[in-house]
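In what follows, a single structure is set out as structure tokens and then discussed.
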Amino acid sequence: MTLRTERLEPIFDPERSTREFAHYTIGRGDVDAAMRQADHVIEGTYRVGHQEQLYIEGQAMIAVPREDGGVTIHGSCQCPYYIHTAMTKALNMTSQQVVVIQSETGGGFGGKEEYPSMIALHAALLALKVSKPVRMIYDRHEDISATTKRHPAIVRYRTGLSRDGELLAQDIEVIMDAGAYTTLTPVVLSRGAIHAGGPYRCENVRIIGRAMATNTPPNGAFRGFGAPQTQFAAEMQVNRAAEVLSLSPLEVRRRWAYREGDTTPTGQVLRASVGSHEVLEAAAETGAYERHRSQNREARELRTATARIASGTGPAMAWHGAGFTGSGEVHLASVASLELTDDGRIRVLTASTEMGQGTKTIFPQLVAEALGVKSDEVEIAPQDTSIVPNSGPTVASRTAMVVGGLLIKAAAKLRDLVEADTGMAFADGYRTFAAEHGPMRVDEQFSPYPGEPFDDKTYTGDAYPCFGWAACVADVDVDLDTGEVTVKSAVSADDIGRVIHPVLAEGQVEGGTLQAVGYATIEEIKLTDGRYQNDRLATYLIPTALDAPRITSILIEKPYSGSPHGAKGVGELPMDVAAPAVLDAIHDAIGAWIHELPATPERVLAALAGIQAPLHPGVSAAAPPKP
């Protein structure tokens, strides 16, 4: 019997794809009627490309066969219980036969969320076959070549405005490139679509999100999880609206930004913890936005034909839902535990991992504060699935707010038990209690936050328990000969609820800002025949310390009352704002719009020349912007 295969035409452009992995429709009001009443309708098509997470060490797993026929996995990962679930299902093992232990992980950024499950399974199959430990480590070339990236996206926008500057309608289409297989694509698209309108009130909104299959490597989770893609488009559209209205981009944001009591496209009423205007004013003041824009305008008027450098200043705003979207946290039913050992040690038991963001610092801090003891009296158990409960994945800006909140509640229960038994303050009596009663463990399971339940079918209700808010002001220099963009400074103001550890929080803002600067300017993956072309560190560039602008972090506190400590997420928030701020600063410098990330020298020069920069092979050309 002869087997024959037929070579089919590959699809590299998601707009040409007929295979849909996910589809969401979000809306309120009457968009079509509002557009007919609008004095201005602004249309724009915006494109963003892949981005590589580029964590410190590559994907790495060790599988050790067990005497009970099971396997123990040691590795670099964000979500031990994701691997645990995958292993039990794929290998038909009991939960006791599979143990997953997280090794210290040097960064993840989403890239070590779901992908490590595959490597763990590969290593486990080999280990079980040969009855010996198996180590599987990707070198950097293998890692970049094989692992998931940030989803490329095409976002089409129609914005209806009144002549006096009111935002009447938003009609938005989001198309994400999932690649050949679906990983976390549906939830990435979901968050991207929910955030696509930006942090601006509008009574008439229609958002349609689609994730399409292409013959390219699959894409997955990356810091921001879909929101940086769509909010880049939203912010560029706001800047173009300001130009049409002859208003300052800052003034337009002041008029449109959400306030308490406003309603989002999913019908969620923003009842509290809305720091939109506080972050906007803090970034504008600290970044000297008005003064710098005025200086740039004067410099443009005096610029001669021989001038080689143009300077610009740009603003951006964003919102970011803290925790899992919709009913996600309810379905996770996360558990965090606190243990008082028989020898008087206080131990935190969670599956939340440390990747450099500070989990192992803030959890003891929160528990110690709740118990009235010193932080060094609280220790953390290793992230070992045979020891710790499933407190959910370390993703979605949920660790401090959700898991930290559970630990505080568990600590309150433990404190009450000890104090009622001993008649002393916890700090004075807990060792005596442990000696008399032996070990004690308090489990705390997630219960829903207050608010309207989210309907996954209609996509209405409270999409998140609360939102973080951010604003950024960026200053750039553009070389008019080469098109090279130098980001000189970035001021990022972030409302993160309650600041638990200022130094760690500022570090998250600085890291997220620099990652977004790379996304805006130099990080670009090129594909040939559906394969990554620049899949080495020699050819995929990221900003180094020498490229980093002067970054100023401003932490704003608008505590969220639904969590016992008032904290919201910080890790993803700064990733949403720096890229659009840089792109608007480029427009301020050269007077031309760039609608695609990254703003490479080729795209800057094309914008200066008034022509369309070349797109990747197989990708359709974007329609020119309409006034």
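Sequential numbering from 1 along the given sequence is applied to the chain's residues. Computed from heavy atoms alone, side chains included, the values below leave out hydrogens, waters and symmetry copies.
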With distance as the sole criterion, is a donor-acceptor pair present between the side chains of [X] and [Y] under 3.5 Å?
X: Asp177; Y: His151; value: no
X: His277; Y: Arg253; value: no
X: Asp535; Y: Ser145; value: yes
X: Glu278; Y: Trp469; value: no
X: Gln78; Y: Tyr82; value: no
X: Thr353; Y: Thr394; value: yes
X: Thr264; Y: Arg28; value: no
X: Asp13; Y: Thr214; value: no
X: Arg223; Y: Gln515; value: yes

Please report the shortest heavy-atom distance between [X] and [Y], naming the atom on each side.
X: Pro186; Y: Ala22; answer: CA-CB, 3.9 Å
X: Leu189; Y: His23; answer: CD2-N, 4.3 Å
X: Pro218; Y: Thr183; answer: CB-CG2, 4.1 Å
X: Val604; Y: Ala599; answer: CG2-O, 3.9 Å
X: Glu523; Y: Leu541; answer: CG-O, 3.2 Å
X: Ala241; Y: Leu161; answer: CB-CD1, 3.8 Å

[X] (side chain) donor-acceptor with [Y] (main chain) under 3.5 angstrom:
X: Asp462; Y: Glu452; answer: yes
X: Gln237; Y: Ile42; answer: yes
X: Asn219; Y: Thr182; answer: no
X: Ser276; Y: Ala257; answer: no
X: Asn534; Y: Thr539; answer: yes
X: Asp262; Y: Arg259; answer: yes
X: Thr45; Y: Arg156; answer: no
X: Asn204; Y: Ala169; answer: no
X: Gln357; Y: Met355; answer: yes
X: Glu113; Y: Ala221; answer: no

Out of curiosity, [X] [atom1] to [Y] [atom2], how far, rounded to the nearest 0.5 Å?
X: Glu203; Y: Glu166; atom1: CD; atom2: CD; result: 8.5 Å
X: Lys568; Y: Ile496; atom1: NZ; atom2: CD1; result: 9.0 Å
X: Asp164; Y: Leu245; atom1: CG; atom2: CG; result: 8.5 Å
X: Asp494; Y: Ile554; atom1: CG; atom2: CD1; result: 9.0 Å
X: Glu114; Y: Cys77; atom1: CD; atom2: SG; result: 12.5 Å
X: Leu597; Y: Thr521; atom1: CG; atom2: OG1; result: 9.5 Å

Measuring only between side-chain heavy atoms, which start at C-beta, is [X] closer than 4.5 Å to [Y]?
X: Pro249; Y: Glu243; answer: no
X: Val155; Y: Phe232; answer: no
X: Leu573; Y: Phe467; answer: no
X: Gln170; Y: Val31; answer: no
X: Pro152; Y: Thr216; answer: no
X: Asn239; Y: Val252; answer: no
X: Thr263; Y: Leu270; answer: no

Candidate list Gln53, Gln51, Glu52, test side-chain hydrogen bond (donor to acceptor under 3.5 Å, both in side chains), partner Lys149, passing option: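 Output: one option passes, namely Glu52.
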Would you call [X] and [Y] a salt bridge, using N to O less than 4.0 angstrom?
X: Glu43; Y: Arg158; result: yes
X: Arg254; Y: Glu281; result: yes
X: Arg240; Y: Glu235; result: no
X: Arg201; Y: Glu260; result: no
X: Arg206; Y: Asp32; result: yes
X: Lys558; Y: Asp495; result: no
X: Glu9; Y: Arg16; result: yes
X: Arg398; Y: Glu572; result: no

Trace of the side chain to side chain contact (heavy atoms under 4.5 Å, CB included) decision for Ile175 with Glu15: CA-CA 7 Å; Ile175 302 172; Glu15 291 191 285; 3.9 Å; yes
Ring pair (Phe, Tyr, Trp, His ring centres under 6.0 Å) partner of His195, chosen from Phe225, Tyr24, Tyr464: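 Answer after filtering Phe225, Tyr24, Tyr464: Tyr464.
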Tyr519 six-ring face occupied by Arg150 cation (under 6.0 Å, within 45°):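 Yes, Arg150 and Tyr519 form such a contact.
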Aromatic ring pairing Phe446/Tyr449, orientation class (parallel under 30°, perpendicular over 60°, tilted between):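 Phe446 and Tyr449: perpendicular rings.
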Plane angle bin for Tyr258 and Trp319 - parallel if under 30°, tilted between 30 and 60°, otherwise perpendicular: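 Judged by the thresholds at 30° and 60°, the geometry between Trp319 and Tyr258 is tilted.
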Residue pair Val41, Met35: steps toward the side chain to side chain contact (heavy atoms under 4.5 Å, CB included) verdict: CA-CA 7 Å; Val41 176; Met35 286 291 185; 4.2 Å; yes
Check against side chain to side chain contact (heavy atoms under 4.5 Å, CB included), Thr313 and Val473: CA-CA 7 Å; Thr313 303; Val473 171; 3.7 Å; yes
Verdict with reasoning, Asp475 to Val487, per side chain to side chain contact (heavy atoms under 4.5 Å, CB included): CA-CA 6 Å; Asp475 289 298; Val487 182; over 6 Å; no
Intermediate values then yes/no, ring-ring contact (aromatic ring centres under 6.0 Å, His included), Tyr532 and Tyr540: CA-CA 10 Å; Tyr532 300 138; Tyr540 182 81; 9.3 Å; no
